[in-house]
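Just so you know, these numbers use all the heavy atoms, side chains as well, and skip hydrogens, waters and symmetry mates.
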Amino acid sequence: MHTAQAKAFYSSGFPKEMQRGKYNLPLNERLKAARNAKELSAAQVVAKLKKKGVSIGHSTLQGYEAAETSINHRYPSLPILLALSEFYGCSLDYLFGYTQTADRYDIKKMLDKNKKLLWDGKKLKKKHRKEISAEIDYIVANQV
């Protein structure tokens, strides 16, 4: 092997600079933001996921949160993505950057938006959404 070629490889034969496909996804940033929003360390997330039957290592989670330019960056598998989405309470659309909000189950925001909402296949009118929202506000305010 020529000297220039030898400098480009580790003694094991692997190239020192790896070319990886980059997709410019905000996934790593969104995973980290979701974890930080819950005020959890990576180690705490790993421990809590383990209790739920999801086994990933601390360094693996760090790799998911690492920038795409990092040699440590990796993408989670679909089952892990689903588990993280459920654990953090955010949608896959948020994690992949299709939506800007992580609130997957915020019913008030869903009712307040002008998007079409259905109840048993029937479209809810704006008036009904407001009534439902007011009723839920009352229920939540009077919780014991």
Side-chain angles (χ1 to χ4, degrees), residues 4-143:
Q5 283 180 319
K7 289 182 180 178
F9 291 87
Y10 292 105
S11 60
S12 62
F14 286 100
K16 289 185 177 179
E17 289 191 31
M18 297 176 61
Q19 299 297 323
R20 296 182 178 191
K22 304 298 180 204
Y23 302 104
N24 294 321
L25 296 172
L27 181 62
N28 60 319
E29 297 159 6
R30 298 285 177 96
L31 285 170
K32 190 170 189 173
R35 178 176 58 78
N36 287 334
K38 287 201 166 264
E39 298 180 353
L40 296 171
S41 69
Q44 289 172 314
V45 170
V46 168
K48 288 178 182 276
L49 285 173
K50 187 173 185 176
K51 288 180 181 177
K52 293 179 177 269
V54 179
S55 182
I56 63 171
H58 183 260
S59 63
T60 301
L61 183 61
Q62 287 178 319
Y64 298 156
E65 294 180 358
E68 279 190 332
T69 55
S70 169
I71 195 162
N72 296 324
H73 178 265
R74 61 183 88 177
Y75 292 106
S77 66
L78 186 54
I80 295 297
L81 262 175
L82 292 170
L84 289 169
S85 171
E86 183 68 27
F87 179 76
Y88 291 138
C90 61
S91 68
L92 291 176
D93 282 350
Y94 168 74
L95 291 177
F96 282 106
Y98 291 114
T99 60
Q100 297 306 311
T101 178
D103 300 325
R104 181 166 73 175
Y105 300 118
D106 192 329
I107 296 170
K108 183 166 183 65
K109 287 182 181 179
M110 290 172 62
L111 289 168
D112 290 346
K113 289 184 180 180
N114 286 327
K115 292 188 177 183
K116 182 170 116 176
L117 287 177
L118 304 176
W119 184 270
D120 199 25
K122 295 177 186 172
K123 183 179 177 183
L124 290 174
K125 294 180 180 177
K126 186 176 184 176
K127 171 186 163 186
H128 297 132
R129 291 196 319 248
K130 285 185 177 183
E131 289 172 0
I132 293 167
S133 186
E135 189 67 26
I136 294 173
D137 280 341
Y138 174 79
I139 292 168
V140 171
N142 293 300
Q143 287 187 72

Chemist: Going by the angle between their ring planes, with limits at 30° and 60°, are His73 and Tyr75 parallel, tilted or perpendicular?
Modeler: perpendicular
Chemist: Rounded to the nearest 0.5 Å, how far does OH of Tyr88 lie from CG of Leu40?
Modeler: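 Rounded to the nearest 0.5 Å, the CG-OH separation comes out at 7.5 Å.
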Chemist: Taking side chain to side chain donor-acceptor pair (under 3.5 Å) as the test, write out the residues that go with Ser41, two or more places apart.
Modeler: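 Ser41: side chain to side chain donor-acceptor pair (under 3.5 Å) contacts with Gln44.
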Chemist: Considering residues at least two apart in sequence or located in another chain, which fulfil the salt bridge (Lys or Arg N to Asp or Glu O under 4.0 Å) criterion with Asp93?
Modeler: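 Here no residue qualifies.
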Chemist: What is the distance from atom NZ of Lys125 to atom NZ of Lys130, rounded to the nearest 0.5 Å?
Modeler: 14.5 Å
Chemist: How many angstroms lie between atom CD1 of Ile80 and atom OG of Ser85, to the nearest 0.5 angstrom?
Modeler: 12.5 Å
Chemist: Specify the closest pair of heavy atoms between Tyr94 and Ala33, including all atoms of both residues, with the distance to one decimal.
Modeler: OH-CB, 3.9 Å
Chemist: Identify the residue among Leu25, Leu84, Leu95 that makes a side chain to side chain contact (heavy atoms under 4.5 Å, CB included) with Arg30.
Modeler: Leu95
Chemist: Which side-chain N or O atoms in residues 45-60 pair as donor and acceptor under 3.5 Å with protein atoms at least two apart or in another chain?
Modeler:
none

Chemist: Short question: side chain of Asn28, backbone of Ala66 - any donor-acceptor pair under 3.5 Å?
Modeler: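 A pair under 3.5 Å: yes.
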Chemist: Quick check: closest heavy atoms across Ala42 and Leu61, and the distance to 0.1 Å?
Modeler: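 Looking at all heavy atoms of both residues, the closest pair is O-CD2, 3.6 Å.
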Chemist: Could you work out, with salt bridge (Lys or Arg N to Asp or Glu O under 4.0 Å) as the rule, every residue matching Arg35, not counting sequence neighbours?
Modeler: Glu65
Chemist: Supply the atom-to-atom distance Asn72 CG to Arg74 CZ, rounded to the nearest 0.5 angstrom.
Modeler: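 The CZ atom of Arg74 is 7.5 Å from CG of Asn72, to the nearest 0.5 Å.
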Chemist: Can you list the residues that meet the side-chain contact (heavy atoms from CB on, under 4.5 Å) rule with Leu118, with sequence neighbours excluded?
Modeler: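 Partners of Leu118 by the side-chain contact (heavy atoms from CB on, under 4.5 Å) criterion, ordered by chain and then number, come out as Lys116, Lys123.
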Chemist: For Lys122, check side-chain contact (heavy atoms from CB on, under 4.5 Å) against everything at least two apart and list the hits.
Modeler: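 So Lys122 forms no side-chain contact (heavy atoms from CB on, under 4.5 Å) with any residue.
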Chemist: Are side-chain heavy atoms of Tyr98 and Leu92 found at a separation under 4.5 Å?
Modeler: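 No - every pair of side-chain heavy atoms lies 4.5 Å or more apart.
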Chemist: Please examine the side chains of Ile132 and Trp119, heavy atoms only from C-beta on, and report whether any two atoms are closer than 4.5 Å.
Modeler: no
Chemist: Which pairs count as salt bridge (Lys or Arg N to Asp or Glu O under 4.0 Å) when at least one residue sits in residues 132-143, sequence neighbours excluded?
Modeler: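 Applying salt bridge (Lys or Arg N to Asp or Glu O under 4.0 Å) to every pair that reaches into residues 132-143, excluding sequence neighbours, yields Lys108-Asp137.
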